[in-house]
Structures are given as C-alpha cells and as structure tokens.
Amino acid sequence: MPRTFHNPILSGCYPDPSICRVDEDYYLVTSTFEYFPGLPIFHSRDLVHWRQIGHVLDRASQLDLDEVRPSAGLYAPTIRHHNGTFYVINTLVDGKTGQGNFVVTATQPQGPWSEPYWLDADGIDPSLLFDDGKCWYVGTHLNEEGHYTGHTEIFLQELDLEKMKLVGEARVLWDGAVKGVVWAEAPHIYKINGWYYLMIAEGGTAHHHAVTIVRSKNIAGPYETYRGNPILTHRHLGLDYPIVGTGHADLIETQNGEWWAVLLAMRPYGGYYYNLGRETFLVPVRWEDEFPIFSPGTGRVEFEYPAPNLPEHVWETPPAREDFNDVTLAHHWNFLRTPREAFWNLS
C-alpha cells in the first residue's frame with residue numbers, strides 16, 4: 001500500500017510556515033511572537049518528518065523583546081536560499097524599538113545567523129525573490145486612507161544585497177482578490193515557467209482566512225487575477241469544521257517535480273475554540289491551466305494524504321520526559337521575552 005501521512009506536520013503553536021529546498025533537504029521556519037529564542041528552524045528530507053535544528057534568533061543581541069505586548073513580536077518569517085547563503089526576512093512588532101523589518105543570513109541553516117540588517121520599510125510579512133541577478137522585497141503595508149479599516153496593499157521594492165538596503169521605487173502590486181477584503185498579507189512571489197505568481201493570504205487569520213493568487217509576465221505588474229480564487233479556504237465550511245482558518249501558504253517543488261504547500265490552520269474543539277493555536281499543515285498541489293490547485297479532488301485541507309514521492313526519512317523522536325541532563329536547554333524550551341539574567345541552572 002502507498003505510504004500516507006497525517007496532518008498537522010507540526011502540531012502545537014507553529015504558525016506562518018515558510019519553506020525552502022536545498023537539493024534534497026528542506027528547511028522550514030515559523031513565527032514565535034513574544035517568545036525567545038525566536039524563529040525555530042526545522043529540517044526534513046521527506047516533507048513529513050521534521051526535526052528542529054535550532055533557532056534563527058538565539059542571541060539577545062539579535063532579538064530585543066523587552067516591553068513587547070502579547071501576540072506582538074516576531075511575525076511571519078520567510079526563509080530562502082541563494083548562492084550558498086540562507087536568508088530569513090521578518091518583522092519585529094512593538095516593544096521599545098517599535099516596529100521594523102530585517103534580514104538575517106547564515107551559511108548553515110542551524111546557524112550561527114548574523115545580526116539583523118534593519119530595512120527602511122514599513123508594514124509586515126516581508127518575503128524575498130531572487131531573479132536574474134536581483135533580489136526583490138515584497139511586503140505588506142496598511143493603507144486605510146480613502147479605503148476602509150483593515151485595507152492593506154502588497155508592494156515591491158529592490159533589495160541591494162551588498163549594502164542590505166532597499167533601493168528604487170516601492171510599487172504597489174495588489175490589495176487582494178475579494179472586494180473590501182481585510183488584511184491582504186503574507187505575500188510570496190515565485191517565478192515559474194516565465195510567469196511571476198504573487199500568492200497571498202487575506203481575510204484575517206481566523207475563520208475567514210484564505211489563500212489567493214495572481215500572475216504577471218513582469219514582476220512589477222500589472223497582475224492578472226485568477227478566476228478560481230480563493231485557491232484555498234475553509235471559511236464556508238462552518239465554525240466547528242475539524243480544520244479551520246486555513247491560509248498563509250508557501251509553495252515548494254520537490255526534486256522529483258512534485259508541488260506541495262505548507263500552510264497554517266487550526267483544530268477547534270468544543271465548538272469554536274483552538275487552544276493549540278495555529279499549526280503547520282502540508283497539502284499537495286497540482287498545476288492546471290497554469291495555476292495551482294490546492295488539495296486536488298476536495299479543495300480542502302485533509303487530515304490524511306498519500307505521502308510525497310520522496311524516500312521516507314524518520315528522525316529519532318525526542319523523549320517525552322525531560323531530565324535536563326544536557327549542558328544546554330533543548331530547542332523546545334522557550335522564554336517569554338528576552339531573558340536578561342541567568343535565572344535557571346541545569347546542574
């Protein structure tokens with residue numbers, strides 16, 4: 001019988017997943033908000049089994065979370081790999097330093113990662129595309145003036161990698177597929193078969209969450225909409241459907257030519273509650289008429305799918321019991337905000 005896998009692939013609070021592939025290895029990061037260390041990084045060889053190999057931001061000098069309010073902090077990272085270097089781009093919201101977007105780099109995914117390069121860009125949810133010798137920054141900013149509360153826009157600007165500065169004009173690309181939509185965000189641009197595909201999340205991260213997409217022959221647009229939008233949502237399935245809030249996706253092509261998407265969703269219980277938070281799910285993607293079809297056949301995120309056409313690679317399962325026998329804390333231990341003194345002892 002063909003192998004299957006079960007969703008979520010990362011259970012618990014692992015929202016806003018982003019993924020990249022380097023040859024036969026896959027790396028994934030998620031949001032951490034006001035927790036330290038920031039941005040766990042995971043490694044897989046089959047897209048199903050993941051092991052945490054570290055955090056992107058594990059030094060106090062990289063991540064000042066002082067005075068960050070609950071559910072602020074680190075929002076929606078993107079991970080990419082280009083010419084031997086890993087890039088993670090992210091937003092720090094709130095706190096003493098205010099809000100800002102930054103990039104960190106590393107030659108190995110487990111680190112060490114650089115100190116942040118702070119960018120002169122407003123908004124949240126930045127992403128990167130490397131294309132024809134250039135690096136493009138795509139982000140989200142608020143523009144409610146003359147519109148409505150919650151109106152956001154997706155914009156594009158070039159990033160000079162030598163100076164780590166944004167250069168040139170910032171151009172607005174899109175503000176979502178639905179008229180009057182709120183929180184068009186989480187943009188990623190992909191170049192596939194000569195087309196630039198701009199995929200976003202919209203509708204907010206609760207039950208109206210959705211994934212939508214447009215495309216253009218020019219990275220700066222204009223972008224043409226897809227009549228099949230949204231390409232994924234569970235907003236019409238009811239508040240007590242077993243999987244809700246599907247959205248914030250990132251596409252990945254395997255070395256065998258298969259396409260998959262990682263995304264966040266929630267598992268409610270007792271009606272409408274989701275105490276586990278937003279988790280990371282995996283769904284198959286098929287291209288038809290030059291647009292992606294998520295979860296072909298059902299259009300819904302399912303709990304079980306046939307496994308990707310990749311050799312199964314199962315990592316050793318971490319023990320359920322923690323005896324604190326190591327000289328450092330395991331990766332799964334976190335703190336609320338940046339610890340400013342050593343208030344724990346492993347000996």
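Below, each value reflects all heavy atoms present in this structure, side chains not excepted, and no hydrogens, waters or symmetry copies.
Residues V68 and G95 approach most closely at CG2-CA, 3.8 Å, considering heavy atoms. Between A330 and E322, the closest heavy-atom pair is CB-OE1, 3.9 Å. Nearest approach of F5 to A307, heavy atoms of both residues: CD2-CA, 3.7 Å. Residues W315 and H49 approach most closely at NE1-O, 3.2 Å, considering heavy atoms. Shortest non-hydrogen contact noted between P268 and P242 is CD-O, 3.3 Å. What you find for S61 and E115 is that their closest heavy atoms are OG-OE2, 2.9 Å.
The closest side-chain heavy-atom distance from E158 to L166 is not below 4.5 Å. Here the side chains of P292 and I231 are in contact, with some heavy-atom distance below 4.5 Å. Side-chain contact between V29 and T78 is absent, with no heavy-atom pair separated by less than 4.5 Å. Counting heavy atoms from C-beta on, the side chains of I53 and I41 come closer than 4.5 Å. Proximity of T280 to W50: side-chain heavy atoms (C-beta onward) are nowhere separated by under 4.5 Å. Looking at heavy atoms from C-beta onward, F335 lies in side-chain contact with W344 at the 4.5 angstrom threshold. Annotation: side chain of T30 is not in contact with side chain of L39 (no heavy-atom distance under 4.5 Å). Side-chain contact between L263 and L232: present, with at least one pair of heavy atoms (C-beta onward) separated by less than 4.5 Å.
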Can you list the steps and then say if L47 with Y26 is a side chain to side chain contact (heavy atoms under 4.5 Å, CB included)?
CA-CA 7 Å; L47 288 177; Y26 299 84; 3.5 Å; yes

For the pair S44 and D46, evaluate side chain to side chain donor-acceptor pair (under 3.5 Å) and give the outcome as yes or no after the intermediate values.
CA-CA 6 Å; S44 177; D46 61 9; 3.2 Å; yes

Begin from the C-alpha positions of F294 and W259 and carry the test ring pair (Phe, Tyr, Trp, His ring centres under 6.0 Å) through to its verdict.
CA-CA 10 Å; F294 277 54; W259 285 87; over 10 Å; no

Go through F281 and I243 one step at a time and tell me if the side chain to side chain contact (heavy atoms under 4.5 Å, CB included) criterion holds.
CA-CA 10 Å; F281 289 69; I243 301 174; 3.9 Å; yes

As a quick check of understanding, evaluate side chain to side chain contact (heavy atoms under 4.5 Å, CB included) for S18 and R80, giving each step before the final call.
CA-CA 9 Å; S18 178; R80 295 293 183 258; 3.5 Å; yes

Run T32 and N334 through side chain to side chain contact (heavy atoms under 4.5 Å, CB included) and show every step you take.
CA-CA 10 Å; T32 45; N334 309 108; 5.8 Å; no

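Rounding to the nearest 0.5 Å places CD1 of I200 at 7.5 Å from OG1 of T140. Here Y75 contributes atom OH and T91 contributes atom OG1; the two are 9.5 Å apart, rounded to the nearest 0.5 Å. One distance of note links CD1 of I89 with OG1 of T105; it measures 12.0 Å at 0.5 Å rounding. E185 CD to L142 CG: the interatomic distance, rounded to the nearest 0.5 Å, is 11.0 Å. From W260, atom CH2 reaches atom CG of N309 across 9.5 Å, with rounding to the nearest 0.5 Å.
Between R45 and E24 there is no salt bridge, since none of the side-chain N atoms of the basic residue sits less than 4.0 Å from a carboxylate O of the acidic one. With salt bridges taken as basic N to acidic carboxylate O contacts below 4.0 Å, none links R337 and E67. Between D23 and R21 there is no salt bridge, since none of the side-chain N atoms of the basic residue sits less than 4.0 Å from a carboxylate O of the acidic one. Salt-bridge formation is detected for the pair D64/R340: a Lys NZ or Arg NE/NH1/NH2 atom is positioned less than 4.0 Å from an Asp or Glu carboxylate oxygen. A salt bridge is absent between R51 and E316: the closest approach of a Lys/Arg side-chain nitrogen to an acidic carboxylate oxygen does not fall below 4.0 angstrom.
Inspection of the T149 and E144 side chains reveals no N or O donor paired with an N or O acceptor under 3.5 Å. For the 3.5 Å distance criterion, the side chains of S11 and E279 fail to qualify, holding no donor opposite an acceptor. Under the 3.5 Å distance criterion, with hydrogens and angles disregarded, a donor-acceptor pair is assigned to the side chains of S295 and Y305. With hydrogens and angles left out, the side-chain atoms of N218 and S216 include no donor and acceptor closer than 3.5 Å.
Note on F303: it clusters hydrophobically with V301, by side-chain heavy-atom contacts below 4.5 Å among ILVMFWY residues. Tracing side-chain contacts under 4.5 Å through hydrophobic residues (I, L, V, M, F, W, Y), one reaches L63 starting from V56; they form part of the same cluster. Transitive grouping of hydrophobic side chains (ILVMFWY, heavy atoms separated by less than 4.5 Å) keeps L128 and L173 in distinct clusters. No continuous path of hydrophobic side-chain contacts links M199 to W183 [ILVMFWY only; heavy atoms under 4.5 Å]. Clustering ILVMFWY residues whenever any of their side-chain heavy atoms sit less than 4.5 angstrom apart, transitively, puts L119 in a cluster other than the one holding V138.
Between the side chain of T152 and the backbone N or O of H141, no donor-acceptor pair lies under 3.5 Å. For N256 (side chain) and E258 (main-chain N/O), no donor-acceptor pair under 3.5 Å exists by modelled atom type. Judged by distance alone, with hydrogens and angles left aside, the side-chain atoms of E34 form a donor-acceptor pair with the main-chain N or O of S71 at under 3.5 Å. T338 places a side-chain N or O within 3.5 Å of a backbone atom of L65 that can act as its donor or acceptor partner. Using modelled atom types, one side-chain atom of N101 and one backbone atom of A121 make a donor-acceptor pair closer than 3.5 Å. In this structure, the side chain of Y35 does not engage the main chain of S31 through any donor-acceptor pair within 3.5 Å. One N or O on the side chain of T233 and one on the backbone of R235 form a donor-acceptor pair closer than 3.5 Å. Formation of a donor-acceptor pair under 3.5 Å by the Y190 side chain with backbone atoms of L251 is found in this model. Side-chain N or O atoms of D94 include one that pairs as donor or acceptor with a backbone N or O of R69 at under 3.5 Å. At least one donor-acceptor pair under 3.5 Å links the side chain of D250 to the backbone N or O of I19.
Under the 30°/60° scheme for interplanar angles, the aromatic rings of Y226 and F291 are found to lie parallel. Between W333 and F324, the ring planes are tilted. Angles from 30° to 60° get that label. Using cut-offs of 30° and 60° on the angle between ring planes, the pair F130 and Y87 is tilted. Using a 30° and 60° split on the angle between ring planes, F86 and Y27 fall in the perpendicular class, above 60°.
The six-membered or imidazole ring of W113 lies away from that of H55, with a centre-to-centre distance of 6.0 Å or more. Close placement of the Y14 and F42 rings is indicated, their centers lying within 6.0 Å of each other.
Pairs passing the side chain to side chain donor-acceptor pair (under 3.5 Å) check and including a residue from residues 166-177, sequence neighbours excluded, read H151-D175.
For K191, the NZ atom sits in a packed shell: over 12 heavy atoms of surrounding residues, nucleotides or ligands are nearer than 6.0 Å. More than 12 heavy atoms of other residues, nucleotides or ligands sit less than 6.0 Å from atom NZ of K217.
Applying the side-chain contact (heavy atoms from CB on, under 4.5 Å) test to A186 and every residue at least two apart in sequence or in another chain returns D125, A201, H248.
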